[in-house]
Amino acid sequence: MIYLDNSATSFPKPPEVIEAVAEALAAPASPGRSGHAASLNASRSIHKARKGVARLFGIKDNSRIVFTCNISWALNIALEGLRLKQGDHVISSSLEHNSVARPLARMAAARGIIWDQAPIDSNGLTDPQEFRKLLRPTTKLVAMTHASNVTGALLPVKEVKALIGDIPIVLDAAQTAGAIPMEDVTTWADIVTFTGHKGLMGPTGTGGLWVRPGLELRPLAVGGTGSRSESLRQPDFLPDALEAGTPNTHGLAGLAAGLDVVLKTGVDRIREHEMNLTMRFLDGLGSIPGLQVQGPTKREQRVSTISVTIDGWSSSDLSAALEADYGILTRSGLHCSPLSHQFLGTFPGGTTRFSIGLYNLAEDVDTSVKALEVLAAGKR
Ligand SMILES: Cc1ncc(COP(=O)(O)O)c(C=O)c1O
């Protein structure tokens, strides 16, 4: 099996992660609730995960890091929590995942917020000036993915922030956390959302957000926190304000171990490895007749997610043939991002997506190029 679906979830998980989850499962503990040693230990492992996220994103106060069950939940907390009202204007990129697009679409339909999308150019790139052009006196929020989960294109978030001043940016770092260095992210994003099970190498069921000091979010859910239990009001301090209910202790123990692997390996080295393989792959694809790569092909403009279409093939048939004939696992269709495909011109059929991760090798890429050569020539 050749696993090239790391944008969906990274695989394999490092042995340290598997061990940490197993160890947490074997311990009798609910963190932050009881005073016994096992409960304190569980709290420590969550604290370790928070410290790991803080190191990755250069965050000084790790109490502003909130854990959630995935990035979709974190994005909902961020987008809904800002309490936008009728007539408030929001700008997003045109490459958003449904985790951003659906909350915004619902806020537009149910609450009358006005939502514009900054277009991409013919290379799938976004010019930061497009955001400036869309600004209105009523613009209250910019929501942006850091890298497209369809084409791998990096978005110019820092440049957009320089153009929009005090308007908050909610960043979707699902495809970049652990894949590109982000120690300065808190200087150009106001809310950073992340998922634990992709580049951070952790288990599913983990994710979260960092909220800049001064921004207050209304919780989506309230409930037990193990703190201020005498009051019927949700605590107003982070992370408790946004962390109702018993956390995913087992998953977060795994996330702490995944973050450890990422930080010890070094995000720079991970980026170098993934991009070397990506450029090798793109070089190989360049000479296949009938195959189109969607989005940018330059190293500095992208991450390691590569979407292709081949004349005469549907994206799902191509993915199925790659698995059946070569054992190559990819993803086909719209990748939960119909907007991207509308802007790229690949809607509704979508693309076949290859996504390279930390544990892929040059052989995986070379086998995939050869497979695509054969399939594109119709020689199944
Ligand atoms: C850019 C982007 N945003 C959001 C998500 C949603 O992630 P999750 O399913 O972990 O909430 C994904 C996952 O594919 C993604 O690629």
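Remember, it's a predicted structure, so these values are computed and weren't measured experimentally. Numbers for residues simply follow the sequence, beginning at 1.
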Begin from the C-alpha positions of T138 and D88 and carry the test side-chain hydrogen bond (donor to acceptor under 3.5 Å, both in side chains) through to its verdict.
-> CA-CA 5 Å; T138 51; D88 285 346; over 6 Å; no
Start with the C-alpha gap between S368 and F281, add the side-chain angles, then the distance that decides, and say whether side-chain contact (heavy atoms from CB on, under 4.5 Å) holds.
-> CA-CA 8 Å; S368 301; F281 195 33; 3.7 Å; yes
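- Within 6.0 Å of CZ on R299 lie more than 12 heavy atoms contributed by other residues, nucleotides or ligands.
- Across every non-hydrogen atom of Y359 and P14, the tightest pair is OH-CG, 3.5 Å.
- Among all heavy-atom pairs drawn from P219 and L242, the shortest one is CA-CD2, 3.7 Å.
- Proximity of a side-chain donor or acceptor of D240 to a complementary backbone N or O of F237 within less than 3.5 Å is not detected.
- One hydrophobic cluster holds both L372 and V374 under the rule that ILVMFWY side chains link at heavy-atom gaps under 4.5 Å.
- Residues H97 and S337 have side chains that never bring a donor and an acceptor to within less than 3.5 angstrom of each other.
- In this structure, T367 OG1 and I2 CD1 are separated by 4.0 Å, a value rounded to the nearest 0.5 Å.
- Separation of atoms OG1 (T193) and CG (L75) is listed at 3.5 Å; rounding is to 0.5 Å.
- Residues T68 and I77 have side chains in contact (heavy-atom distance under 4.5 Å, counting atoms from C-beta outward).
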Would you sort out whether I59 and R64 count as a side-chain contact (heavy atoms from CB on, under 4.5 Å), showing the intermediate values?
-> CA-CA 9 Å; I59 294 167; R64 302 200 68 81; 5.5 Å; no
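- With contacts defined as side-chain heavy-atom distances shorter than 4.5 Å, the pair R271/V303 qualifies.
- Two residues are said to be in side-chain contact when any heavy atoms from C-beta on lie closer than 4.5 Å; S39 and H36 meet this criterion.
- Under the 4.5 Å side-chain heavy-atom criterion for grouping Ile, Leu, Val, Met, Phe, Trp and Tyr, L329 is not connected to W313 through any hydrophobic cluster.
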Take I310 and L318 through the side-chain contact (heavy atoms from CB on, under 4.5 Å) test and state the conclusion after the steps.
-> CA-CA 8 Å; I310 299 187; L318 184 59; 3.8 Å; yes
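- The line from CD1 of I120 to CG of L95 is 5.0 Å long, rounded to the nearest 0.5 Å.
- Contact annotation: the side chain of L104 approaches that of V90 to within less than 4.5 Å [non-hydrogen atoms, C-beta and beyond].
- In this structure, the side chain of S94 does not engage the main chain of P119 through any donor-acceptor pair within 3.5 Å.
- The closest donor-acceptor contact from the side chain of N70 to the backbone of W73 lies under 3.5 Å.
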Take I306 and T151 through the test side-chain contact (heavy atoms from CB on, under 4.5 Å) and record every step on the way to the result.
-> CA-CA 6 Å; I306 301 133; T151 64; over 6 Å; no
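- Using a 4.5 Å heavy-atom cutoff, the side chains of M144 and S92 are not in contact.
- Other residues, nucleotides and ligands place more than 12 heavy atoms under 6.0 Å from the CZ atom of R212.
- Side chain to side chain, T186 and W210 fail the donor-acceptor criterion of an N or O pair below 3.5 Å.
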Full working for salt bridge (charged side-chain N to carboxylate O under 4.0 Å, His left out) between K133 and E130 | CA-CA 5 Å; K133 283 187 217 159; E130 298 292 348; 3.4 Å; yes
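- With hydrophobic clusters built from ILVMFWY side chains whose heavy atoms lie under 4.5 angstrom apart, L215 shares a cluster with L220.
- At most 12 heavy atoms of other shown residues, nucleotides or ligands fall within 6.0 angstrom of atom CD in E23.
- Taking all atoms of both residues into account, the shortest heavy-atom contact from M182 to L171 is CE-CD2, 4.0 Å.
- A 6.0 Å sphere centred on CD of E300 holds more than 12 heavy atoms belonging to other residues, nucleotides or ligands.
- Annotation: the span from N6 atom CG to E274 atom CD amounts to 7.5 Å, rounded to 0.5 Å.
- Side-chain atoms of V170 and L82, non-hydrogen and from C-beta on, do get closer than 4.5 Å to each other.
- A continuous path of Ile, Leu, Val, Met, Phe, Trp and Tyr side chains, each step under 4.5 Å between heavy atoms, connects L322 with L285, placing both in one hydrophobic cluster.
- The main-chain N or O of S72 is found under 3.5 Å from a side-chain atom of N76 such that the two form a donor-acceptor pair.
- A donor atom on one side chain and an acceptor atom on the other are not found under 3.5 Å apart for T305 and S355.
- Put simply, the side chain of W188 does not reach to within 4.5 Å of the side chain of I169, judged on heavy atoms.
- Side-chain atoms of R228 never come within 3.5 Å of backbone atoms of P235 as a donor-acceptor pair (strictly under, hydrogens ignored).
- At least one side-chain heavy atom of M107 sits less than 4.5 Å from a side-chain heavy atom of L84.
- At most 12 heavy atoms of other shown residues, nucleotides or ligands fall within 6.0 angstrom of atom CD in E216.
- Looking only at distances, a side-chain donor or acceptor of S315 sits under 3.5 Å from a matching main-chain atom of G333.
- The neighbour count for R33 CZ, taken as heavy atoms of other residues, nucleotides or ligands under 6.0 Å away, is above 12.
- Side-chain contact check for T176 and H146: at least one donor-acceptor pair (N or O, by modelled atom type) lies under 3.5 Å.
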Show your working on side-chain hydrogen bond (donor to acceptor under 3.5 Å, both in side chains) between Q294 and T351 and close with a plain yes or no.
-> CA-CA 8 Å; Q294 301 297 330; T351 54; over 6 Å; no
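- Looking at Q301 and N123, their side chains never bring a donor and an acceptor atom within 3.5 Å of each other.
- The neighbour count for K140 NZ, taken as heavy atoms of other residues, nucleotides or ligands under 6.0 Å away, is above 12.
- Using modelled atom types and a 3.5 Å distance limit, the side chains of T145 and E96 yield no donor-acceptor pair.
- Across all their heavy atoms, A244 and G223 have their closest contact at CB-N, 3.4 Å.
- Closest non-hydrogen pair, T330 versus S319, comes out as OG1-OG, 2.6 Å.
- T352 OG1 to R331 CZ: the interatomic distance, rounded to the nearest 0.5 Å, is 12.0 Å.
- Judged by distance alone, the side chain of D121 and the main-chain N or O of L125 form a donor-acceptor pair under 3.5 Å.
- When D366, L4, V365 are each tested for a side chain to side chain contact (heavy atoms under 4.5 Å, CB included) with L277, only one passes: V365.
- With values rounded to the nearest 0.5 angstrom, L255 atom CG is found 9.5 Å from N248 atom CG.
- T249 approaches A24 most closely through the heavy-atom pair O-CB, 4.5 Å.
- Surrounding CZ of R111 are more than 12 heavy atoms belonging to other residues, nucleotides or ligands, all under 6.0 Å away.
- In this structure, V262 is a member of the same hydrophobic cluster as I46, with clusters built from ILVMFWY side-chain heavy atoms closer than 4.5 Å.
- Listed by chain and residue number, Y3, K13, H197, T204 satisfy the side-chain contact (heavy atoms from CB on, under 4.5 Å) test with T9 (two or more places apart in sequence, or in another chain).
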Step-by-step salt bridge (charged side-chain N to carboxylate O under 4.0 Å, His left out) determination, R136 to D116 = CA-CA 11 Å; R136 300 182 186 189; D116 280 320; 3.5 Å; yes
